[in-house]
Amino acid sequence: MGITLFIAIIVLLVLGFPVAFALAISAALAVFVGGRYPQLIVFKEMFTGIDSFPLMAVPFFILAAELMSGGALTHVLLRFAAQFVGHLRGGLGYANVMSLTLFSGISGSALADAAGPGSMMVKMMDKAGYSRPYAAALTASTAIVGPIIPPSVSMIIYALQDENVSVGGLFMAGFIPGILIALAMAAVNWWVCKKRDYRSTDPRPSAREMWVNSFKAIPALMLIVLIVVGIRFGIFTPTEASVVAVFYALVCGKWIYRTLQWSALPGILARSAMLTASVLLVMATSAAFAWVLTVEGIPQYLSELIVSWELSPVMFLVAVNILLLVFGIFMEPLPGVMILVPILAPIAFSLGIDPTHFAMVVIVNLTLGMITPPVGGLLFVTSVATRVSITDLTREMPLFLLAHFVVLCMLTFIPQLSTWLPHMLGFQ
């Protein structure tokens, strides 16, 4: 069963099958070849994999992000970000980084960030004289903070796979790594704009304009505060926070900004349902795939093998980073979390590695796979949204990938970057 599983998944991914279908077909073939279980077990494990109350947060956070986007939140945040840095050399690049970082605290999705505010910023940068492929590369590279700064679907899924961490703790742990990534992207923007002399022609806004833009942005920014404060002080659970976020987004769009029309709700609900279905389908099929791994004893075998190497915690983290970087090239983050965390997290815990620290290393590492070919789902979404060819987009990526690697090394070897904030706020 194990051999069939791995051969099938590799062949199907090489043939270009969608990840969810590749996982499901591989699991079904493995069960068929093994002959010890009925085929129905695959469907049973798929339903079991998504039969979880914390998973209710996923569709509600997705819906909240869609409602905020439909309520002109994107335009409000773009104006808010651009007023501080838009007049500087490379100012629109900084505004791109800043707006995507702010929007990530609402959407929780890298793809939503790139397709929404990211594509708008690329158009603005193109009109201002920036290279369009560079603007698209900056957008894709910054958009991966979406799954890192809370709320984050990846963190919700991770917490379901590792009982040593909580969703609230991971949410708090994501802030500093997300900000570090944003700063790294801003540093790359500074270097490139200095070399290519990308200058801004826009004057600095007046104090009155800045005050008006900031005042208008307060309701949108308060959603992030509402989620963090509510979870920290036990007012509601992360799942309940997602429902609160939906109602808050509806109030903001309809009655505060007054840009959300009732006629737009069917489309918003349809897009949210489609995105939720795609996420849950990947989770369900990942659960079936992981079940086959478990019944074949593959996680236990790998655990014993790695433990027999007697690696130090530092060397283990280095080995895990290499494994995840390779794995992330071919696999999306969600199935990566579902399949690898049950294997690696117990080993990390036995070596004395802080579970929250290890979780952030895994999440950031797998998220980087979204901007690395040949799979690189975020690259393809950005390419379509910005009308830049994959070839031109990829040529601009090396500096950004180098900056991401530096941040990943910092997170790996400085645990406090991930653990300080959640521990200070009382999360273990």
Side-chain angles (χ1 to χ4, degrees), residues 5 8-9 12-13 17-31 37-66 107-112 146-147 150-168 170-171 236-243 245-246 269-296 299 331-345 359 362-363 366-367 370 377:
L5 188 74
I9 189 67
L12 291 172
L13 288 177
F17 274 65
V19 172
F21 290 97
L23 290 169
I25 294 171
S26 301
L29 285 174
V31 171
Y37 305 95
Q39 286 290 303
L40 193 63
I41 195 70
V42 175
F43 298 98
K44 182 261 183 186
E45 291 301 323
M46 287 175 62
F47 279 99
T48 301
I50 56 176
D51 182 17
S52 171
F53 177 74
L55 275 183
M56 288 296 294
V58 173
F60 285 111
F61 275 131
I62 290 173
L63 177 56
E66 287 289 341
S107 70
S109 167
L111 301 180
S152 166
V153 173
S154 296
M155 292 178 182
I156 296 171
I157 307 308
Y158 190 104
L160 294 174
Q161 307 304 314
D162 184 2
E163 61 183 12
N164 294 309
V165 297
S166 65
V167 175
L170 292 183
F171 275 11
F236 36 67
T237 65
T239 305
E240 293 164 346
S242 66
V243 180
V246 168
L269 292 171
R271 289 194 301 273
S272 300
M274 290 294 291
L275 185 54
T276 298
S278 65
V279 170
L280 293 183
L281 182 60
V282 169
M283 286 197 57
T285 54
S286 296
F289 189 92
W291 177 83
V292 177
L293 290 176
T294 302
V295 297
E296 285 297 285
M331 187 72 74
E332 293 294 319
L334 289 183
V337 168
M338 293 281 292
I339 294 168
L340 293 178
V341 170
I343 300 173
L344 299 175
V362 171
I363 291 171
L366 288 175
T367 304
M370 299 181 75

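Values below: all heavy atoms of this structure, side chains included; hydrogens, waters and symmetry mates excluded. Position 1 is the first residue of the sequence, and the numbers go up from there.
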Residue pair Phe171 / Ile156, side-chain heavy-atom distance below 4.5 Å: yes
Side-chain touch Pro333/Met370, heavy atoms, less than 4.5 angstrom: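 Sidechains of Met370 and Pro333: in contact.
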What is the distance from atom [atom1] of [X] to atom [atom2] of [Y], rounded to the nearest 0.5 Å?
X      : Y      : atom1 : atom2 : answer
Phe289 : Thr294 : CZ    : OG1   : 10.5 Å
Leu366 : Ser154 : CG    : OG    : 8.0 Å
Phe60  : Glu240 : CZ    : CD    : 11.0 Å
Leu280 : Ser286 : CG    : OG    : 11.0 Å
Glu45  : Leu40  : CD    : CG    : 10.5 Å

Qualifying side chain to side chain donor-acceptor pair (under 3.5 Å) pairs with a residue from residues 271-283, counting only residues at least two apart or across chains: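 Listed by first then second residue: Glu66-Arg271.
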Considering all heavy atoms of both residues, which atom of [X] and which atom of [Y] are nearest to each other, and what is their separation?
X      : Y      : answer
Ile363 : Pro147 : CG2-O, 4.2 Å
Met338 : Met283 : CE-O, 3.3 Å
Ala359 : Leu170 : CB-CD2, 3.5 Å

Intermediate values then yes/no, side chain to side chain contact (heavy atoms under 4.5 Å, CB included), Val153 and Phe61: CA-CA 8 Å; Val153 173; Phe61 275 131; 5.6 Å; no
Donor-acceptor contacts, no H, no angles, side chain residues 18-31, under 3.5 Å, sequence neighbours left out:
{"from": "Ser26", "atom 1": "OG", "to": "Ile9", "atom 2": "N", "distance (Å)": "3.2"}
{"from": "Ser26", "atom 1": "OG", "to": "Ala22", "atom 2": "O", "distance (Å)": "2.6"}

Residues in ring-ring contact (aromatic ring centres under 6.0 Å, His included) contact with Tyr37, at least two apart in sequence or another chain: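 Expected list: Trp291.
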Those residues that, when tested against Ser52, pass side chain to side chain contact (heavy atoms under 4.5 Å, CB included) (two or more places apart):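 Ser52 satisfies side chain to side chain contact (heavy atoms under 4.5 Å, CB included) with Pro54, Leu55, Leu160 only.
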Side chain to side chain contact (heavy atoms under 4.5 Å, CB included) against Glu163, all qualifying residues, sequence neighbours excluded: none
Pairs involving residues 273-282, ordered by first then second residue, that meet salt bridge (charged side-chain N to carboxylate O under 4.0 Å, His left out) (sequence neighbours left out):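 Sorted pair list comes back empty.
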Side chain to side chain contact (heavy atoms under 4.5 Å, CB included) evaluation trace for Met46 with Thr285: CA-CA 6 Å; Met46 287 175 62; Thr285 54; 3.8 Å; yes
Test applied, side-chain contact (heavy atoms from CB on, under 4.5 Å); reference residue, Ile157; option that passes from Leu334, Val279, Val167: Leu334
